[in-house]
Amino acid sequence: MSDQALLEVKELKQYFPIKGGVFGRTVNHVKAVDDVSFTVNEGETVSIVGESGCGKSTTGRAILRLDNPYSGNIYFQGEDLVSLSKSQMRKKRKDLQIIFQDPYASLNPRQTVSQILEEAMEIQKVIPKKDRRKKITELLETVGIGAHQIDRYPHEFSGGQRQRIGIARALSVDPKLIVCDEAVSALDVSIQAQVLNLLKDLQRKFKLTYLFISHDLGVVRHISDRIIVMYLGKIVEVADKKSLFNQPRHPYTQALLSAIPSTNITERRERIILTGDVPSPIDPPAGCRFHTRCPLAFDRCAKEEPKLMSVSGSGYQQVACHLTEESKA
Amino acid sequence: MSLTKEESILEVRNLRTSFFTDEGEVKAVDGVDFSIEKGKTLGIVGESGSGKSITSLSILRLLQEPVGRIKEGEVIFKGEDLLKKSKKQMMAIRGNNISMIFQEPMTSLNPTLTCGEQIAESIRIHQKLNKKKAWEKSVEMLKLVGIPSPEKRAKQYPFELSGGMRQRVMIAISLACNPELLIADEPTTALDVTIQAQILELIKKLQEDMGTSLMIITHDLGVVAEMCDKVAVMYCGKVVEYADVKTVFTDPKHPYTIGLLNSVPKHDEDVEGDLAIITGSVPSPFNLPSGCSFAPRCPSAKEICHATLPELAETSDGDKVRCWIYTDQWEKEGEAVSRHE
């Protein structure tokens with residue numbers, strides 16, 4: 001791992017228009033991601049966690065420009081991806097790949113495994129045609145699929161194997177950064193553990209950088225170096241793994257951690273139960289977006305939006321909360 | 001043992017359910033035994049295809065016949081075998097004495113009826129209340145499950161509610177007739193963790209207040225640890241371990257249970273290095289291995305495991321485990337042989 005920033009996201013906003021009225025004009029926006037900045041260093045695994053609708057997947061998709069961002073900059077190795085043309089961006093995706101959640105939906109059912117991998121190589125022109133077959137066999141072996149299965153169709157594989165094919169496809173163009181969007185969420189635990197170990201292995205072998213998007217904090221704790229916690233389109237806390245799990249600062253992070261059912265049956269912890277649901281991202285609450293559900297909210301939280309600020313501690317930790325700010329002052 | 005039998009509200013004995021497809025018979029549930037004590041919670045845990053959901057559908061006789069058929073066994077509910085009941089008798093039991101919560105609250109609610117109407121429907125059928133009384137009761141139920149402004153919500157349709165709210169409506173429907181047994185099939189799997197915590201808390205509280213017995217089907221070992229008194233671990237249609245919750249988490253016996261617990265990434269423990277894994281994958285239900293179904297993936301499997309299926313037998317401390325390791329036979333066997341496929 002180095003301190004060299006591979007990816008730098010600056011003030012990223014992703015608003016989706018809501019059309020309405022007789023003329024189909026834009027009447028409002030879903031503010032899925034609202035002013036998010038962070039960096040990912042080379043060789044690092046950064047995770048984005050949060051519940052449905054917090055904007056974690058939208059952030060991942062915006063980085064690859066699968067949906068063009070509304071505003072903001074995305075620097076990859078110093079180059080702003082937002083300024084690239086469509087065809088330039090397509091070439092750039094050689095370095096940025098994505099693994100999707102659903103291994104059933106993200107593979108073309110009419111292509112064999114070797115065709116799936118070859119298509120990626122063809123588009124990015126990474127390997128001369130005559131060497132491709134050999135490379136495909138190698139890749140599949142790396143992810144744990146035998147050479148005899150190379151001409152099979154996706155439906156002939158189990159869920160875990162299909163996810164391995166998705167990983168092989170991402171690897172086929174020799175990328176630097178892989179966005180894993182809930183890459184292990186659809187898998188059974190015993191298979192999930194296999195795929196997680198594989199991802200870690202591959203990272204060591206190919207010096208990969210991961211942006212890992214997940215709702216499962218157990219998985220996140222296992223795989224990440226740093227963790228970004230999002231709530232309703234905003235980052236509420238960023239910290240290294242140790243600080244986040246041992247000393248979560250934001251009330252939302254604390255509630256999130258305490259809400260997970262634990263298999264540790266001998267030690268029962270106090271649980272923070274949040275009331276109510278996540279508010280709508282169309283018209284998010286003023287001030288701190290979490291104040292409507294926060295057990296510790298006070299006057300200032302409803303009026304003023306907290307900024308992401310570093311807190312002193314042993315490691316790296318930034319929190320957007322008036323409470324930590326006031327206790328510091 | 002006779003004492004616990006008297007107290008048990010549901011007893012499943014040697015249940016076998018198969019699906020008859022074009023490709024052959026799938027033994028989805030293959031000789032399952034367990035019981036649920038009054039007021040207690042049993043967790044059935046296993047991965048996809050282990051037969052846990054089919055077990056619950058078999059109990060309520062909700063299988064799609066003739067493709068799915070209960071071939072054998074007894075489901076004793078309060079001393080009577082549900083498998084011997086007529087269709088009409090079953091209808092009187094479902095939703096009244098035994099009710100069920102499903103995983104997906106959107107697909108299991110009727111999109112064309114308001115939430116209030118859906119709760120009232122079951123009340124009117126089972127409790128013979130008139131329309132007005134049933135409506136009042138359904139508003140009361142919505143209030144009980146913690147839905148704010150229940151009068152207003154009762155008049156809304158499912159699509160107007162969030163996932164957590166819909167699951168609350170499901171719970172309201174299932175508890176409306178005050179059932180003695182509630183079967184919850186992955187009740188919180190589709191929900192976010194903070195909402196899951198709310199729903200689990202609610203189920204626990206209502207269970208205590210109403211004295212309902214509960215059967216939870218889940219793949220989430222955390223949910224089992226939080227909610228259950230007893231646990232049945234299923235693999236390939238069979239119960240491989242059946243013990244109280246504390247034993248399962250502190251002193252698991254079956255190699256599959258041990259493997260399963262080790263492969264969960266824990267959010268409250270530091271794990272350095274790789275996760276422990278179970279090698280291979282679940283065998284195809286059309287082509288189950290002979291002997292113990294877990295043998296091809298089991299690190300300690302010996303010749304006997306590949307050849308003969310072990311019984312679900314009681315160990316010295318009263319738990320049940322289906323594994324040769326805990327039999328007298330084990331020592332007589334030779335070295336472990338792996339037969340990975």
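Proteins get letters first, then strands, A, B, ... in listed order; numbering begins at 1 in each. Note: hydrogens, waters and symmetry copies are ignored here, and every other heavy atom, side chains too, is used.
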- Task: Taking atom types as modelled, find out whether Glu47(B) and Ser190(A) have a side-chain donor-acceptor pair closer than 3.5 angstrom.
- Result: yes
- Task: Flag yes if more than 12 heavy atoms outside Lys246(B) fall under 6.0 Å of its NZ atom; otherwise flag no.
- Result: no
- Take atom NZ in Lys200(A); do more than 12 heavy atoms of anything else shown fall under 6.0 Å from it? yes
- Item | Closest non-hydrogen atom pair between Gly276(A) and Gln198(B), with its separation | O-NE2, 3.1 Å
- Note on the structure: Heaviest contributor of heavy-atom pairs below 4.5 Å to chain A, chosen from Ile277(B), Leu275(B), Val282(B), is Leu275(B)
- How long is the span from the OG1 atom in Thr263(A) to the CG atom in Asp268(B), to the nearest 0.5 Å? 6.0 Å
- Contact class of Glu226(B) relative to chain A, heavy atoms under 4.5 angstrom: both
- Message: Quick check on Gln161(A) against chain B: is it the side chain, the backbone, both or neither that has a heavy atom closer than 4.5 Å?
- Response: neither
- Message: For the residue pair Glu51(A) / Thr194(B), report whether a side-chain donor-acceptor contact shorter than 3.5 Å exists.
- Response: yes
- Task: Could you have a look at Val189(A), Asn197(A), Val219(A) and say which one has the most heavy-atom pairs with chain B under 4.5 angstrom?
- Result: Asn197(A)
- Given the rule in the side chain to side chain contact (heavy atoms under 4.5 Å, CB included) test, do Val193(B) and His215(A) qualify, once you have shown the distances and angles that lead to the verdict? CA-CA 8 Å; Val193(B) 273; His215(A) 70 281; 5.8 Å; no
- Least distance between heavy atoms, Pro265(B) atom then His222(A) atom: CB-CB, 4.1 Å
- Task: Can you tell which part of Leu274(A) gets under 4.5 Å to a heavy atom of chain B, answering side chain, backbone, both or neither?
- Result: both
- Item | From Gln194(A) atom CD to Thr279(B) atom OG1, the distance as rounded to the nearest 0.5 Å | 7.0 Å
- Heavy-atom proximity to chain B below 4.5 Å, by part of Leu217(A): both
- Message: To the closest 0.5 Å, what do you measure between CG (Asn264(A)) and CZ (Phe249(B))?
- Response: 10.0 Å
- Query: How far apart are the closest heavy atoms of His267(B) and Arg221(A), and which atoms are they?
  - Reply: O-NH1, 2.7 Å
- Query: Looking at Asn246(A), Ile191(A), Asp277(A), which has the largest count of heavy-atom pairs under 4.5 Å with chain B?
  - Reply: Asp277(A)
- Ala193(A), Ala259(A), Ser262(A): which one forms the most heavy-atom pairs within less than 4.5 Å of chain B? Ser262(A)
- Using non-hydrogen atoms only, which part of Ile265(A) is less than 4.5 Å away from chain B: side chain, backbone, both, or neither? side chain
- Query: What part of Val248(B) lies closer than 4.5 angstrom to a heavy atom of chain A: side chain, backbone, both or neither?
  - Reply: neither
- Item | chain B contact via Thr275(A) - side chain, backbone, both or neither, heavy atoms under 4.5 Å | backbone
- Segment of Glu201(B) engaging chain A (4.5 angstrom heavy-atom cut-off): side chain
